[in-house]
Amino acid sequence: MTNRFLGADAIVRASRPTDPLLLLDGDKARFAAAAALRAFPGIVAYAVKVCDRPEVLRALADGGIRHWDVASIHEVRALREQFPEGVLHFMNPVKAAAHIVEAHALGVRDFAFDCERELDKIAESTKRDPAVVPVLRIAVPNDHAKFALDGKFGCDEDEAARLLSLAAAQGYRPGVTFHVGSQCESAASWEMATDIACRAAARAGIEPSVIDIGGGYPAPYRGVEPDFASCVAAGRRAMDRWFPRFDGRFQCEPGRVLVAPSASVLVRVELRKGQALHLNDGYYGLLSELKWMPGVHPVRMLRPSGRSRCAPQAFSFFGPTCDSIDSMDGPYHLPGDIEEGDWIEIGMMGAYSTVLAGRFNGFPDAQTVVLDQQRDHRAAA
Ligand SMILES: *Cc1c(COP(=O)(O)O)cnc(C)c1O
């Protein structure tokens, strides 16, 4: 894996930033999108919740993304505004009726559900428009994911067979979907999950109009994770066994894998206490994933006065707020002489960072440096 860090050296040398910075490189998102589209034999819908910065969405569109998995009416409105021609898929299984009405008026046709009442709500709110596709969210094992997403949504296989029959009896050709959990590091999970979804459809006696194998594809934080193509191939194998002449839509909803490489976070060490480093950003800012996925993101020290020759040691991080939740145990391996006033670049931070940042203790949103523009400036100079 190349270039997990962005252009932090020049920034530290030039401006010695005292506040945390988000360094954004849209090219990385554009490349990831183009690669995913080459690898996927169907529709790739980006999961907008993972990073909704307009620069990043633009970069994904430049890479070829035309479909967007949205989870709230706010995302529906924002995406409709930025991409009037984009195809939106409303994949949150619980929605306000008024939001279904509005989304439908804005051209949305795919709506997720995982229970009978939501199916009724979709039918009522869209006046039984036959172009609507109710997509059933089915529960699948999340055993290999860093973040399990099975605690809230998804019906079991028996209920899935019943709901698919019910939707078919109402005149729909429903779809099926699932989520194996985020940062799922076993490709076999997609084969097992697709098998469950397809078996439920077969039991209901239907061929789904869409088989959507969800998100969860691992980002290459350490370089040992399975690649997108092998996860997709595993799902495809199960689909081909059940529906060898499938004439519907084969679809996926990647989030993290498309945008993680497109940003890093530049922080400064404000105090060292032994092996604990107090930073100027943390859990309540851009770094909440470091708490739940410890020691995975690549880190390196930046010191404009020169390099360190010290051997690496293990460190833990604390953020700048007063709450003891604001700690990230790591371990993170950094030069043994790292000290107050050094900077750390945390790479692969484009996913679930900006969207989860709050303003606790009065810390404002981090400033963004768009590296594309810097390159453009250099090219123009
Ligand atoms: C969050 C989410 C995704 C994206 O998940 P990643 O793990 O970031 O790929 C896709 N689909 C649904 C329904 C989601 O909730």
Side-chain angles (χ1 to χ4, degrees), residues 29 32-33 35-36 39-40 42-53 56-57 60 65 67-72 74-76 79 87-95 103 108 110-114 118 133-155 175-187 189-190 193-194 197 210-221 225-232 235 251-263 288-289 292-293 296-297 348-356:
F40 195 83
I43 286 171
V44 178
Y46 168 66
V48 173
K49 73 164 190 279
V50 182
C51 175
D52 61 359
R53 296 286 296 255
V56 171
L57 300 178
L60 292 168
I65 297 290
H67 291 252
W68 311 93
D69 162 10
V70 289
S72 71
H74 311 284
E75 289 181 351
V76 171
L79 269 287
V87 183
L88 309 184
H89 307 259
F90 205 157
M91 301 307 281
N92 188 333
V94 179
K95 298 166 289 299
V108 180
D110 281 8
F111 294 91
F113 72 109
D114 68 357
E118 186 75 11
V133 179
V135 183
L136 180 63
R137 173 80 171 260
I138 301 172
V140 297
N142 273 209
D143 304 340
H144 296 282
K146 296 268 189 212
F147 297 89
L149 293 175
D150 55 353
K152 185 172 184 182
F153 297 132
C155 62
V176 291
T177 190
F178 54 78
H179 201 300
V180 296
S182 199
Q183 189 68 13
C184 174
E185 298 192 352
S186 165
S189 294
W190 276 269
T194 307
V210 47
I211 296 176
D212 180 332
I213 63 170
Y217 312 93
Y221 296 106
E225 300 83 356
D227 63 7
F228 177 73
S230 60
C231 302
V232 168
Q251 187 166 302
C252 66
E253 302 166 353
R256 176 191 297 283
V257 72
L258 297 190
V259 297
S262 68
S288 66
E289 277 225 319
W292 311 122
M293 207 162 57
V296 168
H297 294 81
M348 301 287 292
M349 283 301 304
Y352 301 101
S353 53
T354 54
V355 287
L356 293 174

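Computed from a predicted structure; not experimentally measured. For ligands, and for the atoms within them, numbers begin at 1 and follow the listed sequence. For reference, positions follow the sequence shown, starting with 1.
For the pair Glu289 (side chain) and Ser353 (backbone), a donor-acceptor distance under 3.5 Å is absent.
Annotation: side chain of Val44 is not in contact with side chain of Tyr46 (no heavy-atom distance under 4.5 Å). A 4.5 Å side-chain heavy-atom check between His179 and Cys184 finds every atom pair outside the cut-off.
The shortest heavy-atom contact between Ala193 and Val180 is CB-CG1, 3.9 Å.
Contact shell of ligand 1 (protein heavy atoms, cutoff 4.0 Å): Ala47, Lys49, Val50, Asp69, Arg137, His179, Ser182, Gly215, Gly216, Glu253, Pro254, Gly255, Arg256, Tyr352.
Listed by chain and number, the residues in a side chain to side chain donor-acceptor pair (under 3.5 Å) with Arg137 amount to none (sequence neighbours excluded).
The closest side-chain donor-acceptor pair between Glu185 and Gln183 falls under 3.5 angstrom.
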